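Here the structure comes first, spelled out in structure tokens, and everything after it is commentary.
Predicted model, so just to flag it, every value in this text is computed and none were measured.
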Amino acid sequence: LSMKKGEDPRDLSRRRDLWLAPHAVKLITRCLTQEYAETVLHKAPASNAGFCANACAPSQTLTLKLHRARCRRLKQTYLVGFQDLGCYFMSCCREVQGLCEEWAGVRPEVIDVMAAFQRGLKGKCETAYGLTGDFAVDRGIMQGCIASPARSLLQLRFMAAMVHEACRG
């Protein structure tokens with residue numbers, strides 16, 4: 001975690017996270033990204049999109065507008081829920097992520113490689129007294145990893161399904 005210019009070094013709430021990955025990790029995860037992209041295409045609903053291949057925030061906005069217009073035309077209730085996932089990548093439970101990937105059909109050896117990278121993940125924080133020592137990062141799916149957006153959609157698929165089952169609309 002790094003301080004922003006002019007920030008009080010005692011205030012950890014305003015830190016920005018900077019994620020640096022060794023070049024070899026980036027190369028290997030880039031090679032694995034296609035496996036995740038294909039899996040997401042077949043297993044995650046199209047509504048689970050952000051800034052990723054063949055989808056983006058404007059496409060989701062258009063989908064919401066079309067859905068609202070359809071509900072208005074059919075005189076149906078229109079309900080929208082939003083969830084702030086601002087720190088989602090680094091809060092994912094890795095065991096759940098592995099089970100989601102297994103369910104979706106990601107090859108076991110790909111899951112194992114990603115899990116090995118995650119086990120070696122270390123962090124440091126910048127404080128008023130300098131950098132802390134290394135500490136293990138025990139959760140999350142590697143912020144800044146090229147494969148994380150696709151991987152996160154597999155776990156979000158189950159979150160969306162639970163909301164769908166629990167809520168009317």
Open item on the list: Membership question, hydrophobic clusters at under 4.5 Å side-chain separation (ILVMFWY): are Met159 and Leu154 in the same one?
Closed with: yes
TODO: Decide yes or no for Val110 and Val113: does some side-chain heavy atom of the first lie under 4.5 Å from some side-chain heavy atom of the second?
DONE: no
Task: Nearest heavy-atom neighbours spanning Arg151 and Met114 - done: NH1-CE, 3.6 Å
Open item on the list: What's the separation between atom OH in Tyr36 and atom OG in Ser152, rounded to the nearest 0.5 Å?
Closed with: 11.5 Å
Task: Closest heavy-atom pair and its distance - Leu64, Tyr78 - done: O-OH, 3.4 Å
Task: Beyond-backbone contact of Gln118 with Ile141, side-chain heavy atoms, under 4.5 angstrom - done: yes
Open item on the list: Can you tell me how far apart NE2 (His67) and CZ (Arg70) are? Round to the nearest 0.5 Å.
Closed with: 7.5 Å
- [ ] Taking atom CD of Glu95 as the centre, report whether more than 12 heavy atoms of other residues, nucleotides or ligands fall under 6.0 Å from it.
- [x] no
Task: Hphob cluster co-occupancy, Phe135 + Leu121, side-chain heavy atoms under 4.5 angstrom - done: yes
Open item on the list: Would you compute the distance between atom CZ of Arg72 and atom NZ of Lys75 and round it to the nearest 0.5 angstrom?
Closed with: 10.5 Å
- [ ] Can you establish whether the number of heavy atoms outside Arg139 located under 6.0 Å from its atom CZ is more than 12?
- [x] no
TODO: Look up atom CZ in Arg30 and atom OG1 in Thr33, then write down how far apart they are to the nearest 0.5 Å.
DONE: 6.5 Å
Open item on the list: I need the minimum non-hydrogen distance between Cys93 and Gln155, along with the two atoms involved.
Closed with: O-NE2, 3.9 Å
- [ ] Quick one: closest heavy-atom pair of Cys71 and Thr77, and the distance?
- [x] SG-O, 3.9 Å
Open item on the list: Hydrophobic clustering (ILVMFWY, side-chain heavy atoms < 4.5 Å, transitive) - are Ile111 and Ile28 grouped together?
Closed with: yes
Task: Nearest-0.5 Å distance that lies between atom CD in Glu35 and atom CD in Glu109 - done: 7.5 Å
Open item on the list: If I compare all heavy atoms of Ala37 with all of Ala150, which pair ends up nearest, and what's the gap?
Closed with: N-CB, 4.3 Å
Open item on the list: Could you check whether any side-chain N or O of Gln97 sits under 3.5 Å from a backbone N or O of Cys92, counting only pairs where one atom can act as donor and the other as acceptor?
Closed with: no
Open item on the list: Quick check: closest heavy atoms across Leu131 and Lys124, and the distance to 0.1 Å?
Closed with: CD1-CD, 4.3 Å
TODO: Could you check whether the rings of Trp103 and Phe158 sit parallel, tilted or perpendicular, using 30° and 60° as the cut-offs?
DONE: perpendicular
